[in-house]
Amino acid sequence: MKLVRFQLLDVFPSPVPARPPMPTAKAPSELNYDIIIPNELWCEAFTHLEPFEVLSLGQVSRAFHALISEKSVWTTILRTVCDKHKLFKPSYPVHEMDVARLQRAALGPRLVQQCLTRGGVPTEYLAQANELRPVSTLRLKVLSQASLAKPLEPGVLWLHRRHLVPGGRYLIQVRFNGLKSNQEVLEATGTTYFVELWDLGVSGSAPLENPILLTQTEFEKTADHNVYSITTSFYGSAQEGLRVAIAFTDVVREREGDVCAVKILSLLPGDDQPRFQVTTEIEIKRHPESYTCEAPSQPHFRGNLLFIPRGRQILLIWDFILGIYTRMDLVVQGNGSPDKIFFTNSLVIGFVSDTWKQQEIYVWKVPSRGEFQTIASHKILLPRDPDGYGVPGAPQTYADQIAQLPQPMAQGYGPRLELYFSTPDASAELPLSFDIFNHSQGHSALDPPGFGPGARKLPRTSIHGLRCTLGHASSTESDDAPLMIDVVASFMIQPPVSGYPFPAPDLASALSNIPNLGFFLSLTEDIMINIAQPTELKHSIFTYTLSPPPSGTPATPSPPKAEGATAAVYHASVSIVRLQEYPAPDWSACPASGRFMDAGGIAPLNAGILLDYLH
């Protein structure tokens, strides 16, 4: 038998080459995120997060940690923080700062908020609250040394006004001559004044004990005016230029508010030899046959516009680039006037509280540039006002919208209610968050007469509040869109001491823009008072914050009145921190550096106090 051999290699094809093994998935820490998404896109994504959230990403993986350790990432984040919180970018020399300092600067606004709320206690423990102490307190005598300017004549003093530029590094100081009149009233004198730019040191480190004078410029005055306000704004594509509006008035004279002058200066602090340059100026004068005007309030920048309130009813809006202006005579029903005015880029919002009538918000649209008038010779003469009420020749401006304000409940035996508002100062966009306070006027500072002679205990009175927001009623954010007030939470401040808490939103205007943070004045102990022998009452300034509402708690639109609204909204508990005794200096503060600079006064009595709560 013949055997047949089969060659298997001939019958079966060649074996298929082995498939390479599947790559194993890399751990997240081994991924190269730069290959998946470029760093530029990561930086863009990070600008939509809070800086502390970006830091938290560094704990996710080694790759994320390496990514957020790059200087370019934090340079971008810090610029975004400056834009969001209206901080002057040259305050932070990013080319000289390492990653740690950039991170510290970007976290500044959050650290200030935490500092001013750390260690908070319920209001019932107000008397035991410890005072928040700054990390450092400096008395900067160099700011008031007369040797820097012209020598003074005997009996003449230096007067100062100061403004801390947002960012905490630069200080604007205006120095002018002053003296005391027979009525012990300080008046400006002399024909010149000095505008100075000082470097206090970069925030995040100890301020300089001897600040550096970067530039000092002397200007001529047209009259004996006091400087009553300094405000700043930024300009340029990189926002590295500084505009300074200095407002003057002669409010110390009997003809109070006759003249108000505003000069706008500009400079670039980053130049080798920075120097103030005059951009423009105006003089505002009431008609000689009109009644006295109220003293002007602090002007506010909104782009190329400067809003100049003359009292609480007359508002001048000045386009200082085009040299045109318009006047608004804000009409409130019942011949009233707004208690407080807030500005956006296109709206004027007035809070009106009439004790015997409804409390409302009035909204006026800013006129178009076509309705503005040309300023002749840098002077504005207000129209004649023969009756003292209304202004003939200047049409009154009626509100475009009126919204009713909710009223917090107030208990007590007095039927008359008083409302107070705590609103942001510098925010230029909606939605706007604000607080309304209410207390019964029946709880007066003294017990009603007839309850017995001699010393009596000053009564205790609580104050009720509502946290509200004002925004557009729909997603359309045009000026014609209706506005709506939402009640977010109700709260009550009831300290166990005499008197009632009183809102103090003007402690430092820049701090009023910190979310969920307010200020109030209160006594710190029960007071016995004798009508025949008045007692000096000592107050302290406190910060207050509200506990957040539970997740998913909706806001309640208003109206209805608070008697119905407060029952439906979240009732927040209040946490307080004792800040400092009152009266205290007028402060100019920075919400990102934790620095407080006294706004000025008489030298050498007020040599310049600088508090730093962070370092």
Side-chain angles (χ1 to χ4, degrees), residues 109-135 408-411 418-425 433-440 443 445 458-468 488-527 537-550 566 569-585 587 589 591 594 596 611 613-614:
R110 179 176 176 84
L111 294 176
V112 171
Q113 183 181 25
Q114 290 177 339
C115 174
L116 295 179
T117 58
R118 187 185 303 120
V121 299
T123 57
E124 56 265 29
Y125 296 104
L126 176 145
Q128 288 78 37
N130 294 322
E131 182 176 340
L132 180 65
R133 298 291 183 181
V135 177
M409 292 186 299
Q411 300 173 351
E418 294 185 358
L419 264 64
Y420 305 94
F421 307 106
S422 177
T423 64
D425 175 74
S433 177
F434 63 94
D435 291 346
I436 305 175
F437 295 87
N438 201 351
H439 75 91
S440 171
H443 292 283
L458 200 66
R460 299 175 176 179
T461 306
S462 61
I463 188 168
H464 297 254
L466 290 178
R467 171 69 52 82
C468 305
V488 178
S490 65
F491 60 95
M492 182 174 65
I493 300 177
Q494 191 175 13
V497 293
S498 295
Y500 62 86
F502 189 86
D506 298 326
L507 167 70
S509 58
L511 299 182
S512 63
N513 299 287
I514 299 178
N516 194 28
L517 182 69
F519 301 88
F520 68 88
L521 298 176
S522 176
L523 296 171
T524 55
E525 59 183 3
D526 282 329
I527 299 295
L537 304 180
K538 294 184 179 180
H539 295 76
S540 288
I541 301 175
F542 293 83
T543 70
Y544 70 90
T545 53
L546 306 186
S547 60
T566 54
V569 301
Y570 167 69
H571 186 76
S573 59
V574 181
S575 177
I576 63 170
V577 173
R578 184 174 179 176
L579 192 58
Q580 55 192 229
E581 290 188 357
Y582 181 86
W587 295 108
F596 285 57
L611 309 180
Y613 283 91
L614 285 186

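For the pair Pro515/Gln113, a side-chain contact is recorded, criterion being any heavy-atom separation below 4.5 Å from C-beta on. Residues Leu521 and Ile541 meet the side-chain proximity criterion, which asks for heavy atoms closer than 4.5 Å. Side-chain contact check for Leu132 versus Tyr613: some heavy-atom pair is nearer than 4.5 Å. Here the side chains of Phe502 and Ile463 are not in contact, with every heavy-atom distance at 4.5 Å or above. Residues Asp435 and Leu466 fail the side-chain proximity criterion, which asks for heavy atoms closer than 4.5 Å.
Residue Val574 forms a side chain to side chain contact (heavy atoms under 4.5 Å, CB included) with just one option from Ile493, Thr545, Val121, and that option is Ile493.
With rounding to the nearest 0.5 angstrom, the OG1 atom of Thr123 is 7.0 Å from the CD atom of Gln494. How far CG of Leu614 is from SG of Cys115: 5.0 Å, rounded to the nearest 0.5 Å. Separation of atoms CZ (Phe437) and CE (Met492) is listed at 13.5 Å; rounding is to 0.5 Å. Atom CZ of Arg118 and atom OG of Ser575 lie 12.5 Å apart (nearest 0.5 Å).
Smallest separation of non-hydrogen atoms from Pro591 and Ala589: CD-O, 4.0 Å. Nearest heavy-atom pair, Ser498 versus Asp526, reported as atom, atom and distance to 0.1 Å: N-OD1, 3.0 Å. Shown here for Val577 and Gly120, the closest heavy-atom pair between the two residues is CG2-CA, 3.7 Å.
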- Message: Under the criterion side chain to side chain contact (heavy atoms under 4.5 Å, CB included), I'd like the reasoning laid out for Thr524 against Arg578: C-alpha separation, chi angles, the key distance, then a yes or no.
- Response: CA-CA 10 Å; Thr524 55; Arg578 184 174 179 176; 4.1 Å; yes
- Could you walk me through whether Phe491 and Ser547 pass side chain to side chain contact (heavy atoms under 4.5 Å, CB included), step by step? CA-CA 10 Å; Phe491 60 95; Ser547 60; over 6 Å; no
- Are Leu546 and Arg467 close enough, and set up right, to give a side chain to side chain contact (heavy atoms under 4.5 Å, CB included), and what steps lead you there? CA-CA 9 Å; Leu546 306 186; Arg467 171 69 52 82; 3.6 Å; yes
- Message: Leu116 vs Leu579, test: side chain to side chain contact (heavy atoms under 4.5 Å, CB included). Steps then yes/no.
- Response: CA-CA 8 Å; Leu116 295 179; Leu579 192 58; 4.0 Å; yes
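A donor atom on one side chain and an acceptor atom on the other are not found under 3.5 Å apart for Asn516 and Tyr544.
Every residue two or more places apart in sequence or in another chain that forms a salt bridge (charged side-chain N to carboxylate O under 4.0 Å, His left out) with Arg133 is listed here: Glu131. With sequence neighbours left out, the side-chain contact (heavy atoms from CB on, under 4.5 Å) criterion links Ser522 to Leu126, Pro495, Val497, Phe520, Phe542.
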